[in-house]
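Structure first, then comments.
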Protein chains: 2
Amino acid sequence: MNELDVALICKALGDANRLEIVKMLSDGEKCGCRLLERFSITQPTLSHHMKTLVDCGLVNDRKQGKWHYYSLNPEALSFLRTFLDELVCKEPTEGKGGCCQ
Amino acid sequence: MNELDVALICKALGDANRLEIVKMLSDGEKCGCRLLERFSITQPTLSHHMKTLVDCGLVNDRKQGKWHYYSLNPEALSFLRTFLDELVCKEPTEGKGGCCQ
DNA sequence: CACATACATAGATATTTGTCAATATAAAAG
DNA sequence: CTTTTATATTGACAAATATCTATGTATGTG
């Protein structure tokens, strides 16, 4: 896995289908064919989305036989969570008197 | 503010410039002109990005005089954080024997 | 009022993205 | 070896997106 990147991960989560895939994976590891059943997209489209999710590090891909088992990568989730935690507004500067005071 | 939507928020965070804007706002409320100084984009482009960030609920917009003061919306951040927490893999089903067992 | 500053809107454009159909690859089954 | 199943790749295309220039609007200033 490459280095985790907040923007890439968020971009991956910014698609309704991929978000749904991630939700399904939160219930446990699943293979592609099973994921495909739940969507009204074609197999190549799912394959494309899975590549996006794997490439950004959000999803792990375990190959066994002819199946690919996908699962969430906890490291990526905690990485994103840490980023959010760091976003807490430390000291809001109430700019009441002028520009950016 | 409309209802918070994970995909919309993530899509907003999935752009390098907007992510940088959000990081800047984590340091406290700032006006548009100040944000603009830090980027090599034009003012209309910044305006467009701010609209994206405000529309998804991630950023608040407080108008005072001719300035717009932008700040992070803590509710949106905790909303996203809650979503991430719910993604914790509850019971990984090790599918060692076949498809999705 | 005329001008400057901060921001928004409109229109254009190049790039990215989500999607599909067609095809290829890989592995298991018969 | 042939067929089936699971997944990937390729090429095409429409829609969305990021960006710009030009212009409009709103607010404050001289």
Side-chain angles (χ1 to χ4, degrees), chain A residues 5-25 29-56 58-71 95-101, chain B residues 5-22 24-25 29-56 58-71 93 95-101:
Chain A
D5 181 88
V6 175
L8 266 187
I9 293 174
C10 288
K11 191 185 285 189
L13 289 174
D15 173 84
N17 281 330
R18 286 194 296 263
L19 194 64
E20 206 56 40
I21 291 168
V22 164
K23 284 182 192 167
M24 287 181 65
L25 293 182
E29 192 180 50
K30 284 182 184 55
C31 70
C33 56
R34 182 120 180 217
L35 290 170
L36 187 59
E37 297 169 357
R38 297 278 212 97
F39 295 93
S40 54
I41 57 177
T42 62
Q43 177 270 320
T45 298
L46 178 67
S47 180
H48 169 254
H49 284 317
M50 295 320 294
K51 180 169 165 49
T52 301
L53 288 169
V54 169
D55 281 357
C56 76
L58 202 51
V59 166
N60 293 316
D61 181 359
R62 179 173 71 86
K63 190 178 179 183
Q64 185 180 3
K66 60 181 169 180
W67 296 290
H68 281 247
Y69 291 96
Y70 299 103
S71 60
K96 295 262 167 70
C99 176
C100 298
Q101 278 189 337
Chain B
D5 180 89
V6 175
L8 266 185
I9 292 174
C10 287
K11 191 185 286 188
L13 289 174
D15 174 86
N17 281 329
R18 286 194 296 262
L19 195 63
E20 206 56 40
I21 291 168
V22 164
M24 286 181 66
L25 293 182
E29 190 180 50
K30 284 181 184 57
C31 69
C33 55
R34 182 121 179 217
L35 290 170
L36 187 60
E37 296 170 355
R38 296 277 211 98
F39 295 91
S40 54
I41 57 177
T42 62
Q43 177 270 318
T45 298
L46 178 67
S47 181
H48 168 254
H49 285 315
M50 297 318 295
K51 180 171 164 47
T52 301
L53 288 169
V54 170
D55 282 355
C56 76
L58 203 51
V59 165
N60 294 315
D61 181 359
R62 180 173 71 86
K63 188 177 180 184
Q64 185 179 4
K66 61 180 169 178
W67 296 291
H68 281 246
Y69 291 97
Y70 298 103
S71 59
T93 50
K96 296 261 165 72
C99 176
C100 298
Q101 280 188 337

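By convention in this document, chain letters (A, B, ...) are assigned in the order of the sequence lines, proteins followed by strands, and residues within each chain are numbered from 1. A quick note: this is a predicted structure, and the numbers were derived from the prediction, not measured.
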Inset, instruction - Evaluate the side-chain proximity of A:Ile41 to A:His49: yes if any heavy-atom separation is below 4.5 Å, no if none is. - result: yes
Inset, instruction - Send over the distance from B:Trp67 CH2 to D:dT27 P, rounded to a whole Å. - result: 13 Å
Legend entry - Under 4.0 Å protein heavy-atom contact, by nucleotide of nucleotides 8-19 of chain D - B base, S sugar-phosphate only: BB-------SSB
Legend entry - Distance-minimising heavy-atom pair for B:Cys10 and A:Leu13: SG-CB, 3.7 Å
Legend entry - Beyond-backbone contact of B:Glu37 with B:Cys33, side-chain heavy atoms, under 4.5 angstrom: no
Inset, instruction - Please report the closest heavy-atom contact between A:Tyr70 and A:Cys31, naming both atoms and the distance. - result: CD1-C, 4.4 Å
Legend entry - Value in whole Å for how far the C1' atom of D:dA26 lies from CD of B:Gln64: 15 Å
Legend entry - Non-hydrogen atoms of A:Thr52 and A:Ala12 that approach each other most closely: CG2-CB, 4.1 Å
Legend entry - Flag side-chain contact, heavy atom, 4.5 Å: B:Asp55 against B:Leu8: no
Inset, instruction - For A:Lys63 and D:dT5, give me the distance from atom NZ to atom C1', rounded to whole Å. - result: 13 Å
Inset, instruction - Figure out the NZ/P separation between A:Lys66 and D:dT4, and round it to whole Å. - result: 12 Å
Legend entry - Atom pair distance, as rounded to whole Å: CG in A:Leu8 and P in C:dT17: 9 Å
Inset, instruction - Could you pick out which residue, B:Gly65 or A:Leu36, lies toward the 5' side of DNA chain D when each is mapped onto its nearest nucleotide? - result: A:Leu36
Legend entry - Whole-Å distance separating the CG atom of A:Leu13 from the P atom of C:dG18: 12 Å
